[in-house]
*Asks:* 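I'd like to ask you about the structure that follows.
All of these numbers come straight from a predicted model, not from anything done at the bench.
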Amino acid sequence: QVQLVESGGGLVQAGGSLRLSCAASGRTSSSNAMGWFRQTPGKEREFVAAISSGSENTYYADSVKGRFTISRDNAKNTVYLQMNSLKPEDTAVYYCTARRGNSIMVDRYRYDYWGQGTQVTVSS
């Protein structure tokens, strides 16, 4: 099993920045692709960004492209999501996720492990 713990969420004004972190423990592997999803009440959990095991590939949802950056430090078993130019529509619970394969996926059902989520609130 792999445990994922997110941190770094909070309240920020529109235009501001936040950096989310996700620490992995347990049966971690540097060959896991990892990603971030987000969810608001009454809506499906949606893809935000993903990164391959060696950081050679990244992929972003169109809604965050150019504003968010995903990165990882395999020595620390940690993945990050730098969020800049935040908008009120970015308000959501953000979930860290990992999958046993190395391929980047946008389908949430292709991921095997999930964190408990961290709340991000952007005020207008």
*Asks:* What residue pairs, at least two apart or across chains, pass salt bridge (Lys or Arg N to Asp or Glu O under 4.0 Å) with a residue in residues 109-119?
*Replies:*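 Sorted pair list: R100-D112.
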*Asks:* For the pair T91 and Q119, evaluate side chain to side chain contact (heavy atoms under 4.5 Å, CB included) and give the outcome as yes or no after the intermediate values.
*Replies:* CA-CA 8 Å; T91 295; Q119 177 71 47; 4.0 Å; yes
*Asks:* Mind listing the closest non-hydrogen atom pair of A33 and R72 along with its distance?
*Replies:* CA-NH1, 4.1 Å
*Asks:* From S85 OG over to R67 CZ, what is the distance, rounded to the nearest 0.5 angstrom?
*Replies:*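 Between S85 OG and R67 CZ, I get 7.0 Å after rounding to 0.5 Å.
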*Asks:* Could you give the distance from CD1 (I70) to SG (C96), rounded to the nearest 0.5 Å?
*Replies:*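 It is 8.0 Å, given to the nearest 0.5 Å.
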*Asks:* Would you tabulate the side-chain donor-acceptor contacts of residues 12-24 under 3.5 Å, counting partners in other chains and residues two or more places apart, or write 'none'?
*Replies:*
unit_1	atom_1	unit_2	atom_2	d
S17	OG	N84	OD1	2.9

*Asks:* Name all residues meeting the salt bridge (Lys or Arg N to Asp or Glu O under 4.0 Å) criterion together with D107; count only those two or more places apart in sequence or in a different chain, and write none if there are none.
*Replies:*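 Not a single residue meets the salt bridge (Lys or Arg N to Asp or Glu O under 4.0 Å) criterion with D107.
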*Asks:* According to a 4.5 Å side-chain heavy-atom criterion applied to Ile, Leu, Val, Met, Phe, Trp and Tyr, with indirect links allowed, do Y60 and Y80 form part of one hydrophobic cluster?
*Replies:*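 Each belongs to a different hydrophobic cluster.
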*Asks:* How does the hydrophobic cluster around L11 look, that is, which other residues are in it when side-chain heavy atoms under 4.5 Å mark a link?
*Replies:*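 Joined to L11, directly or through intermediates: none.
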*Asks:* Give every residue pair that meets the salt bridge (Lys or Arg N to Asp or Glu O under 4.0 Å) criterion with at least one member in residues 37-46, sequence neighbours excluded.
*Replies:*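 Every pair satisfying salt bridge (Lys or Arg N to Asp or Glu O under 4.0 Å) with a residue in residues 37-46: R38-E46, R38-D90, E44-R108.
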*Asks:* Is any side-chain heavy atom of I104 less than 4.5 Å from a side-chain heavy atom of I51?
*Replies:* no
*Asks:* Just verifying a value: how many Å separate L81 CG and T69 OG1, rounded to the nearest 0.5 Å?
*Replies:*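 Between L81 CG and T69 OG1, I get 8.0 Å after rounding to 0.5 Å.
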*Asks:* I need the full list of disulfide bond (SG atoms under 2.5 Å apart) pairs touching residues 38-84, with sequence neighbours left out, sorted by first then second residue.
*Replies:* none
*Asks:* Hey, does the side chain of N102 reach the backbone of S53 with a donor-acceptor pair shorter than 3.5 angstrom?
*Replies:* yes
*Asks:* Determine which pairs satisfy salt bridge (Lys or Arg N to Asp or Glu O under 4.0 Å) with at least one residue from residues 75-88, sequence neighbours left out, and list them in order.
*Replies:* none
*Asks:* Quick one: side-chain hydrogen bond (donor to acceptor under 3.5 Å, both in side chains) partners of E89, sequence neighbours excluded?
*Replies:* none
*Asks:* By side chain to side chain contact (heavy atoms under 4.5 Å, CB included), which residues pair with V106, not counting sequence neighbours?
*Replies:*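 Here the qualifying residues are F47, Y59.
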*Asks:* Can you name the side-chain hydrogen bond (donor to acceptor under 3.5 Å, both in side chains) partners of T58, sequence neighbours left out?
*Replies:* none
*Asks:* Rounded to the nearest 0.5 Å, what separates atom OG1 in T97 from atom CD in E6?
*Replies:*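 Reported to 0.5 Å precision, the distance equals 9.0 Å.
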*Asks:* Give the minimum heavy-atom separation between V93 and G117, together with the two atoms involved.
*Replies:*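 Taking every non-hydrogen atom into account, CG1-CA, 3.8 Å.
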*Asks:* Can you pull the ring-ring contact (aromatic ring centres under 6.0 Å, His included) pairs that have at least one residue in residues 90-113, sequence neighbours excluded?
*Replies:* F37-Y111
*Asks:* Just how far is it from atom CE of M34 to atom CG of N77, taken to the nearest 0.5 Å?
*Replies:* 8.5 Å
